[in-house]
Structures are given as structure tokens and as C-alpha cells.
Amino acid sequence: MPAMVSELQNGHRSADNRTEDSYAVKRMQIEQQRRSLPIASAEKRLVEEVRKNDTLIVVGETGSGKTTQLPQYLMKAGFSDGGKVIGVTQPRRVAAVTVAKRVAEECGVELGKKVGYSIRFDDTTSNLTRIKYMTDGLLLREALLDPYLSRYSVIIVDEAHERTVQTDVLLGLLKHVKLLRSKSSNGVPNANNLDPKNNFLLGNKNTAEDGSLIQRCNSAKLSPLKIIIMSASLDARVFSEYFGGAKAVHIQGRQYPVDIYYTLQPETDYLDAALITIFQIHFKEYAGDILVFLTGQEEIESVERFIREKLQQLPEESRKLLPVPIYASLPYEKQMQVFKPAPNGVRKVILATNIAETSVTIPGIKYVIDPGLVKAKTYNAKTGVESLVIVQTSKAQALQRRGRAGRDGPGKCYRLYPEIEFLKLPDSTVPEIKRCNLANVILQLKALGVDDIIGFDFIDKPSRMAIVKSLEQLYLLGAITDEYKLSDPVGIQMARLPLDPMYSKALILANEFNCLEEMLITVAMLSVESIFYAPRDKLQESRASAKSFSDPEGDHVTLINVFRGAIDYLRKSEPESSEQKTEKKLRKWCKDNFIDSRSLKHARDIHSQIQRHVQQMGFSISSCGEDMIPFRKCLAASFFLNAAEKQPDGTYRALSSSQVNVQIHPSSVLFRKRPDCIIFNELVRTNSNYIRTITRIDPMWLIEVAPQYFALQS
DNA sequence: GAGCACTGC
């Protein structure tokens with residue numbers, strides 16, 4: 001600080017020189033770093049390959065620099081000339097943001113000008129943006145408005161090996177767009193099922209006749225779209241075959257070596273084995289932190305307890321081991337503990353779910369302990385029931401986990417199973433699209449003009465049963481017609497909303513039931529993870545607090561009470577203050593009320609986004625006031641597929657899936673009351689079949705609001 | 001009276 005003051009006193013000139021100097025030094029450092037990346041020597045070759053091939057697969061291991069460098073090479077080579085954009089998609093928001101910041105810095109430009117990012121709730125791009133980082137889901141939404149993706153000359157799909165639903169749908173879409181654009185540039189009209197004329201979201205026929213988007217797209221000569229698929233998995237074959245034998249280029253990675261150790265015998269108790277391994281490393285190995293992959297919160301908490309207990313039994317000087325938990329539902333401040341260096345001479349042992357596999361990169365890890373298990377979602381298309389089951393990892397996943405030990409130096413990876421078991425593991429994880437409800441995917445594809453879903457060219461096709469089941473669900477919601485076309489206006493409106501189809505339907509109906517204000521809050525709150533936070537050491541307090549929001553009719557109104565509680569607090573405390581101040585106050589209110597502040601913030605963001613959407617659709621925000629009956633009726637009308645009836649033995653039967661032995665989850669405000677007839681938000685199988693987030697309804701309402709469906713049932 | 005891997009629009 002004093003140095004800075006004296007510099008200022010010495011006059012501007014010297015201060016400026018200093019900044020210029022340090023700027024030059026920094027630029028030189030950046031250039032040096034860029035040149036030292038493994039990909040740097042391949043610049044010329046990569047640019048050549050992109051020129052020659054319309055589709056290219058780039059296989060590059062961690063640390064190759066592909067994500068930051070390739071877009072810059074392409075910009076330098078002129079691919080973004082003429083106002084075109086090089087788009088790079090990421091599966092995760094943080095990645096899009098951090099990479100964009102880094103690249104802007106490397107280019108020496110201000111973020112949001114030449115280099116920018118765009119993610120939900122946060123768009124830093126402008127007309128000047130030539131390299132745009134974004135989430136793949138966002139590009140899919142963009143495609144609804146611009147089916148040719150006409151602004152883009154190149155689209156780079158990064159981390160394609162992760163095979164998220166969005167990536168898979170995007171790959172299918174890009175394949176079609178490429179075809180469309182190559183045809184359009186040859187002047188041949190599009191004869192494809194992805195005809196933008198079928199694109200309902202572009203609005204009614206008038207828009208087309210007005211000569212806006214559609215005509216412009218058809219008449220403009222679009223250059224062919226360059227597609228680059230970037231993957232870290234060594235096997236490029238799947239992508240190459242999918243894109244008609246596209247060329248694959250391999251880029252060296254830069255990782256330190258990681259030795260692998262297997263157990264001789266299979267372990268009967270992997271938690272115990274993990275504990276023993278932790279202490280072996282602690283006593284015998286050099287300094288360096290340990291990362292242990294566990295399957296969930298409960299395991300993490302019990303391992304943490306065991307470690308602390310065991311440390312108590314050790315002599316003082318051997319206690320220098322610090323367990324640090326991390327999992328997604330842990331509050332943000334506590335998550336940040338993993339980045340804090342341990343006190344001198346103390347070894348950190350990080351107990352993590354697979355959040356540490358890709359989402360969070362923790363520096364300083366030298367040892368990885370991998371029991372080879374993961375909690376994965378599975379979906380039963382027949383019953384529509386989701387469950388979380390502990391399964392073995394794939395080889396690819398084991399490889400990814402191992403890599404976490406080799407980021408800062410050579411490391412060691414302890415797999416708690418014999419080598420022969422590793423060889424038996426599946427090569428890669430089953431793509432998510434084969435493990436989930438497809439209603440949303442189908443709705444989006446329909447909105448993009450794809451009518452034949454069963455015939456759609458998925459890279460991995462979901463089962464026919466799963467597709468049919470989701471089509472049926474969309475039909476029952478009124479989103480598609482007898483001919484499997486998107487319905488007008490309901491289907492079109494539903495596709496516009498970035499929500500689960502059932503939530504979108506609830507908003508459309510709420511407009512008729514005059515409770516749109518309440519339903520907006522409800523779907524925003526339903527769209528986020530657990531709102532209530534119950535720390536183990538303050539269980540009583542947190543329960544009492546949760547109770548103060550509870551409504552006798554159920555959890556949906558309870559959620560509304562929480563949301564409105566926050567708004568009331570803000571209004572009363574200081575109605576007009578800066579955004580930062582508001583956030584700070586909100587965090588305090590959340591802390592006092594045992595509400596997860598990240599979740600509430602997220603819900604508020606979703607709320608304002610969705611509110612804008614429905615207003616654009618011409619809805620006015622109506623409220624049912626004190627009388628919640630219309631609201632609950634509207635819930636019944638929207639979630640009738642999730643209705644359940646109490647059985648003589650006190651358990652419930654889900655009406656649409658005929659799932660029996662269903663129980664109300666103990667977190668529900670109706671857990672003890674057990675009303676005769678309810679609608680629920682989700683049915684998840686864990687130890688038992690649980691329905692979560694529940695509201696009491698009158699069974700007669702079901703016949704009133706969904707007669708076609710419930711007449712058939714009885 | 002239970003216990004929710006992880007993302008995304």
C-alpha cells in the first residue's frame with residue numbers, strides 16, 4: 001500500500017510506465033505459457049484439418065490446452081471473419097465462465113467484447129463477440145430461435161465424452177444443421193424433417209410472411225458449418241462413426257504419472273478398507289493431500305466421524321490429519337474449505353462424492369483412494385420410477401478419478417478392488433439419455449421441427465419403450481396431438497419454457513385458474529434442490545424453523561410461504577438497496593431460518609426468468625389471494641399423473657403407474673396426517689418407495705379436471 | 001420418522 005501511495009504522489013507518468021511495464025511482462029508470461037502447451041506445436045496442423053474437414057474429432061487429454069487454444073487458433077486463421085462467431089459449448093456453467101475469462105485475458109481483451117460467455121441468467125456477449133463460450137443447454141435453446149445457428153461458423157462441443165443428455169441432443173441437432181447449411185449454400189431447398197418451416201417457436205405464419213427470420217435464412221447463402229467434437233476419452237470411434245467417419249486428431253495431454261495400486265482380494269467393507277488406506281498413507285507416505293471418492297453424504301459423514309474418533313486414540317504428534325467433506329448439497333462456505341491449505345505439517349483428507357471427479361478441481365492432491373463405486377440414477381420406463389443405486393464405476397470413470405492425483409506432480413491411486421475386477425468394468429458409463437425420462441428432450445426436438453422421434457438419429461438411441469412412454473406423457477399433458485405433432489398453443493408454449501413439462505403445463509393452467517403468481521413461485525421452488533437446510537448439530541432448531549413455514553394443506557404452499565417470507569423480509573428491512581446489499585441481507589435471512597441460500601437465490605433467478613417468459617406469452621400475473629383452493633385445484637389439474645390414494649393399510653398407491661406400497665417422505669408436512677388423496681412432485685426409490693413434496697386434494701377434483709384420464713381408470 | 005450422485009435451460 002505505501003508503495004502505491006508514493007507512486008501516485010510522484011505523478012502520473014511514472015505510474016503509467018510501471019503499469020505498462022507490468023502489462024508487458026504479463027503478456028510475455030502468457031505468451032510463454034501458451035507456447036509451452038502440448039497443443040501449441042499442432043496449431044498449423046489443426047487449422048489445416050479444420051479447413052479440410054467439415055467435422056473433426058479432437059481427442060485431447062487433460063492439460064492439452066485444447067479448450068482455451070483451439071478457438072484462438074481458429075480466430076487467428078480467420079474463421080470468425082465477417083462477423084461470424086466461434087461457439088464453444090461446455091456441460092457446466094463454471095467451466096464456460098472460467099475458460100472465457102482465461103481466454104479473454106490471453107487475448108488481452110475485455111471480457112464480453114471479443115471473447116465472452118453466455119450461460120443462463122448471465123450473458124456477457126455482445127455484437128463484437130467472436131469467441132463465445134456457453135453451456136450446451138443454452139445453445140440448444142438458441143437453436144429454437146435460429147434453427148440454422150446462422151451466426152456461427154464453427155461450433156466446438158467440448159467434453160463430449162461426458163455424454164450428458166444435452167450434449168447428445170446437441171450432437172444430433174448439429175448433424176442436421178450441418179446438412180441444412182450445406183444444402184442452403186448450394187441453393188437446394190431443405191428436404192429434411194428438420195425443416196425450419198416446422199419450427200413452431202418462430203411464431204405464427206405472419207412472422208414468416210413479414211419476411212423476418214425464415215426468409216432471411218432461406219435466401220442467405222450460409223457457409224457450411226464446421227463442427228468440432230472435443231473429447232478426453234481415448235476412444236474417438238463412437239463420434240467418428242456417428243459423423244460418417246469423421247477424421248480424428250489426437251493431442252498430447254500433460255499429466256504427471258500416477259501409479260496404480262490394487263488390492264489383492266475384493267474388499268467386503270469398502271469403507272473400512274478406505275479408512276485403513278487413509279491411515280496407511282498418512283503414516284508411510286510423503287506429504288500431500290488425499291482424495292477419497294465416496295458415494296454420498298451419509299458415507300462421507302460416517303467416514304469423517306471414524307477418522308476423528310481414530311485420531312483421538314493416537315498420540316498428539318500423529319494427529320496431523322484433517323478430514324474435509326465436500327458434496328453438492330453442502331453449503332457453499334463449507335465447500336470452500338477444501339481449497340483452504342491445511343496448517344503447516346497437516347495433511348488434508350478430502351472426502352468427496354463425484355463432485356470432485358469433474359466439477360471441482362482441488363489442488364494439492366497426491367493420493368486418490370477409489371473404492372470403485374458411484375451412486376447413479378436409473379429410470380424404469382415402465383413404472384416411471386427413478387432410483388438412486390450404488391453401482392460400479394466404468395473404466396473411464398476410474399481413469400478420470402486417478403487423474404485427480406496427477407495435476408500438480410506425480411501421484412498414487414489406490415483402487416480398493418483387485419486388478420481383475422478393473423478389467424471386467426464396462427469401458428464407459430451408460431449415456432444419461434438412456435437413463436432418464438425423455439419428455440423434455442422430445443418436447444425440445446418437436447419444437448425444433450423433428451417429428452419422428454423414434455427415427456431420430458441419436459448417437460445412442462433410447463429404448464423404444466422409454467420414447468413411447470414419454471410421448472404418452474406429453475399427449476396426456478396436451479402438449480402433442482393425436483398425430484404426435486406439437487399442439488397449438490399448449491405444446492408450443494410448453495416448449496418455450498425452460499422447465500420440466502409438467503411445471504410448464506402448471507403455469508399455462510394457472511393462467512386459467514387465476515393463480516399464476518402462486519404457481520410461478522411454486523415451479524421456481526420445485527426446480528431447485530432442497531430448500532431447507534438441517535445441519536446435524538442444530539437439528540431441533542432447524543426443524544422448528546421449517547415448521548414455522550408449514551401449511552396444513554401441504555408442501556407446495558409451504559414452499560410459497562418460504563419464498564414470500566424472504567420477499568417480505570427484504571421489503572420490510574430496507575425496500576430499496578443495491579443488488580449486493582439485497583443478496584447479503586438474503587443470506588442472513590436464510591441463515592436465521594435454516595434455508596439454503598444458494599437454492600433460494602437460484603429459485604429467485606428462475607422465478608424472474610419464467611415470469612418474463614409468461615408475460616411475453618401474453619399472460620397476466622393473477623393471484624388467488626387468501627383462498628388456496630383454486631391453486632390446489634390447479635395442482636391437481638397439472639400433476640394428475642402424480643396423484644396417489646391412501647390404501648387401507650396406510651400406504652399409498654400411485655394412480656397412473658399403479659405403483660403400490662408408496663410412502664410419504666418424512667420431510668413432508670403431511671407425513672403424519674396422511675390425507676386420503678394427494679398429488680406429489682416426485683416418486684423416488686431409496687430404501688423404500690417415497691413420494692416427496694405433497695399436497696392434499698379432493699379426489700372429486702381429479703374427475704373434474706382430468707375426466708378423460710380418470711374416467712378410463714375406474 | 002428418512003436421508004437426496006451430478007449437471008443444465
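Note that this is a predicted model, so its numbers are computed, not measured. All heavy atoms count here, side chains included; hydrogens, waters and symmetry mates do not. Each chain gets a letter, A, B and so on, in the order its sequence line appears, and its residues count up from 1.
With sequence neighbours excluded, no residue forms a side chain to side chain contact (heavy atoms under 4.5 Å, CB included) with S530(A). R685(A) is linked by a salt bridge (charged side-chain N to carboxylate O under 4.0 Å, His left out) to nothing, counting only residues two or more places apart in sequence or in another chain. For R696(A), the salt bridge (charged side-chain N to carboxylate O under 4.0 Å, His left out) partners at least two apart in sequence or on another chain are E553(A). For the side chain to side chain contact (heavy atoms under 4.5 Å, CB included) test, residues two or more places apart in sequence or in another chain that qualify with Q647(A) are E645(A), D649(A), T651(A), R653(A). Residues meeting the ring-ring contact (aromatic ring centres under 6.0 Å, His included) test with F619(A), sequence neighbours left out: none.
Using a 4.0 Å heavy-atom criterion, one finds that L388(A) contacts the bases of the nucleic acid, with or without backbone contacts as well. Counting any heavy atom pair closer than 4.0 Å across all strands shown, T135(A) reaches sugar-phosphate atoms only and no base atom. Within the 4.0 angstrom heavy-atom criterion, base atoms lie near R543(A). Among the atoms of the strands shown, base atoms are found under 4.0 Å from some heavy atom of R120(A). If you check every strand for non-hydrogen atoms under 4.0 Å, T353(A) touches sugar and phosphate atoms only. R93(A) comes within contact range of the sugar-phosphate backbone alone, with a heavy-atom separation under 4.0 Å but no base atom that close. Among the protein residues, A328(A) comes within range of the sugar-phosphate backbone only, with heavy atoms under 4.0 Å from sugar or phosphate atoms but none that close to a base. Counting non-hydrogen atoms under 4.0 angstrom, Q297(A) reaches the backbone sugars and phosphates but no base.
Ring-centre distance between H665(A) and F680(A): not below the 6.0 Å cut-off.
Both Q609(A) and Y690(A) lie near DNA chain B, and the one whose nearest nucleotide falls closer to the 5' end is Y690(A).
Protein chain A touches strand DNA chain B; the 5'-most and 3'-most nucleotides with an atom under 4.0 angstrom of its non-hydrogen atoms are dG1(B) to dC9(B).
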